[in-house]
Undergrad: 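Take this structure first; my questions come after.
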Amino acid sequence: MKLLRVGPAGQERPVVMDDAGNLRDIGEPEIDGAFLASGGVARVRAALERGDLPVVEAEGVRVGAPIARPGKIVCIGLNYSDHAAESGAAVPAEPVVFMKAGNTMVGPYDEVLVPRGSVKTDWEVELAVVIGQEARYLGSREEALGVIAGYAISNDVSEREFQLERGGQWDKGKSCETFNPLGPWLVTADEVGDPQALPMRLWVNGELRQDGDTKNMIFDVAEVVRYLSQFMVLEPGDVINTGTPAGVAMGMPGQPYLRAGDVMELEIEGLGRQRQTVGQA
């Protein structure tokens, strides 16, 4: 099942996509942690199967992020060996963890802004995990997979100078305005199946830059969720960005960082496609 939020920023309406591609009003106030924790996915699935949900006019309607603002966005760095190599970093012995501000999240087709003073704004196609149940101290991979509500495409936009050359933690290069486009939809875990078998690609101005597959993660989805739960309580609606494959600007000859007017396009098999035009803050 594919869950979306459509409408102007701040006024999104929660909907579900049926098998024919129609959007249907789900009759819920929001797609957020409370919705996920209270069995909202099951309620919507049952109503959809009964034919109870009215069609929503979708022509020309903006698509927002598929969940409302999360409590936290947790990110895993250097989680593909080819990306670690292009970054000049050793393959980590344990997951590298950092955070992004919750208000970085925007819709999958919204404008991405190069921050003021930035000369090294970069792209990163990633598989995003959305948590559906409160989780702490998970004891197994099976338990970890059981708390996942679904998956989405994330663009973990990054400012490399802020991240790596300005001292302190990575968060400064990760939490700029518009730095986490998410969507177009949240695909429920049952529909995705194996999260370690998803080809992923990113283009800039029509040129393929990243061409990877989630099978090449160093720490797979189950281990990432289990591991994080040892250090923090994961709550319904939280988003986990699970890392990016090789092909970012930082690792390319000439380092062709993003500039206003550039266009990014991203896709992960089964999770849809994003497109963002780059602007200037």
Side-chain angles (χ1 to χ4, degrees), residues 1-8 10-59 61-73 102 105 107-108 127-136 138 140-154 182-198 214 221-222 225-226 229 233-240 242 268-274:
M1 194 164 64
K2 297 180 175 69
L3 296 165
L4 303 83
R5 297 168 65 249
V6 299
Q11 303 175 44
E12 292 90 349
R13 179 181 189 180
V15 298
V16 63
M17 181 180 290
D18 65 21
D19 290 340
N22 298 310
L23 299 185
R24 295 181 175 271
D25 190 323
I26 68 173
E28 298 272 353
E30 189 53 283
I31 300 172
D32 57 11
F35 167 84
L36 297 172
S38 65
V41 170
R43 289 196 300 275
V44 171
R45 180 178 285 114
L48 186 62
E49 291 172 352
R50 292 194 304 267
D52 290 348
L53 305 180
V55 173
V56 173
E57 176 55 49
E59 185 68 30
V61 176
R62 170 185 173 271
V63 177
I67 61 169
R69 180 171 168 174
K72 54 184 173 289
I73 301 174
M105 198 171 68
L127 175 68
V129 173
V130 178
I131 299 298
Q133 303 174 37
E134 187 172 273
R136 53 170 61 79
L138 296 170
S140 69
R141 297 169 54 82
E142 292 72 25
E143 284 184 278
L145 292 173
V147 304
I148 296 172
Y151 302 90
I153 304 172
S154 181
L182 190 76
W185 39 67
L186 171 64
V187 184
T188 52
D190 61 310
E191 182 170 327
V192 172
D194 183 3
Q196 307 307 148
L198 302 175
T214 58
V221 166
V225 174
R226 187 207 66 80
S229 77
V233 177
L234 300 174
E235 298 179 322
D238 284 350
V239 174
I240 303 171
T242 57
I268 297 180
E269 187 171 293
L271 301 184
R273 191 176 178 100
Q274 297 186 356

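One-based numbering along the sequence shown. Fair warning: this is a prediction, and the values are worked out from it, not measured in the lab.
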Undergrad: Output yes when a side-chain donor or acceptor of Gln196 lies under 3.5 Å from a complementary backbone atom of Thr214, and no otherwise.
TA: yes

Undergrad: Looking at Ile26 and Val16, what are the two nearest heavy atoms and their distance?
TA: CG2-N, 3.4 Å

Undergrad: My understanding is that only one of Val6, Leu53, Val55 makes a side chain to side chain contact (heavy atoms under 4.5 Å, CB included) with Val15; could you say which?
TA: Val6

Undergrad: Ignoring hydrogens and angles, tell me if any N or O in the side chain of Glu12 forms a donor-acceptor pair with the backbone of Val63 under 3.5 Å.
TA: no

Undergrad: Does Glu191 have any side chain to side chain contact (heavy atoms under 4.5 Å, CB included) partners at least two apart in sequence or in another chain, and if so, which?
TA: Lys2, Val187, Thr188

Undergrad: For the residue pair Ala135 and Leu138, what are the closest heavy atoms and their distance?
TA: CB-CD1, 3.9 Å

Undergrad: Would you find a donor on one side and an acceptor on the other, under 3.5 Å apart, between the side chain of Glu57 and the backbone of Glu59?
TA: yes

Undergrad: If you compare all heavy atoms of Lys72 against all heavy atoms of Val233, which two are closest, and at what distance to 0.1 Å?
TA: NZ-O, 2.8 Å

Undergrad: Identify, with sequence neighbours excluded, every residue that meets side chain to side chain contact (heavy atoms under 4.5 Å, CB included) alongside Asp18.
TA: Ala20, Asn22, Arg24, Leu48

Undergrad: Holding to side chain to side chain donor-acceptor pair (under 3.5 Å), I want the full list of residues that pass it with Glu134, two or more places apart in sequence or in another chain.
TA: Arg136

Undergrad: Test of understanding: with side chain to side chain donor-acceptor pair (under 3.5 Å), list the residues that count as partners of Ser229, not counting sequence neighbours.
TA: none

Undergrad: Looking only at non-hydrogen atoms, find the nearest pair between Gly272 and Ile153 and report the distance.
TA: O-CD1, 3.0 Å

Undergrad: If you compare all heavy atoms of Glu143 against all heavy atoms of Ser140, which two are closest, and at what distance to 0.1 Å?
TA: N-OG, 3.1 Å

Undergrad: Sequence neighbours left out, what passes side chain to side chain contact (heavy atoms under 4.5 Å, CB included) with Ala149? Give chain and number order.
TA: Leu36

Undergrad: How long is the gap from CG on Leu271 to CG on Leu186, to the nearest 0.5 Å?
TA: 9.5 Å

Undergrad: Quick one: does any side-chain atom of Gln133 pair with a main-chain N or O of Gly146 as donor and acceptor, under 3.5 Å?
TA: yes

Undergrad: Looking only at heavy atoms, what is the nearest atom pair of Gly183 and Pro108, with distance?
TA: C-CB, 3.8 Å

Undergrad: List the steps and the verdict of side-chain contact (heavy atoms from CB on, under 4.5 Å) for Phe35 and Val41.
TA: CA-CA 8 Å; Phe35 167 84; Val41 170; 4.1 Å; yes

Undergrad: Ile67 pairs by side chain to side chain contact (heavy atoms under 4.5 Å, CB included) with which of Asp238, Asp32, Ile31?
TA: Ile31

Undergrad: Before you tell me yes or no, could you show the steps for Ile131 and Ile240 under side-chain contact (heavy atoms from CB on, under 4.5 Å), namely the whole-Å CA-CA distance, both residues' side-chain angles and the distance that decides it to 0.1 Å?
TA: CA-CA 8 Å; Ile131 299 298; Ile240 303 171; 4.0 Å; yes

Undergrad: Please list, chain by chain and in numerical order, all residues satisfying side chain to side chain donor-acceptor pair (under 3.5 Å) with Glu28, sequence neighbours excluded.
TA: Arg43

Undergrad: Would you mind reporting whether Leu198 and Tyr151 have side-chain heavy atoms less than 4.5 Å apart?
TA: no

Undergrad: Suppose we screen for side chain to side chain donor-acceptor pair (under 3.5 Å). Which residues come up paired with Glu30, at least two apart in sequence or across chains?
TA: Arg5

Undergrad: Take Val61 and Leu23, measure what side-chain contact (heavy atoms from CB on, under 4.5 Å) needs, and give me the verdict at the end.
TA: CA-CA 11 Å; Val61 176; Leu23 299 185; over 6 Å; no

Undergrad: Going by salt bridge (Lys or Arg N to Asp or Glu O under 4.0 Å), name the residues that satisfy it together with Arg69, two or more places apart in sequence or in a different chain.
TA: none

Undergrad: When you compare the side chain of Pro66 with that of Leu3, does any pair of heavy atoms fall below 4.5 Å?
TA: no

Undergrad: For Asp190, check salt bridge (Lys or Arg N to Asp or Glu O under 4.0 Å) against everything at least two apart and list the hits.
TA: Arg45

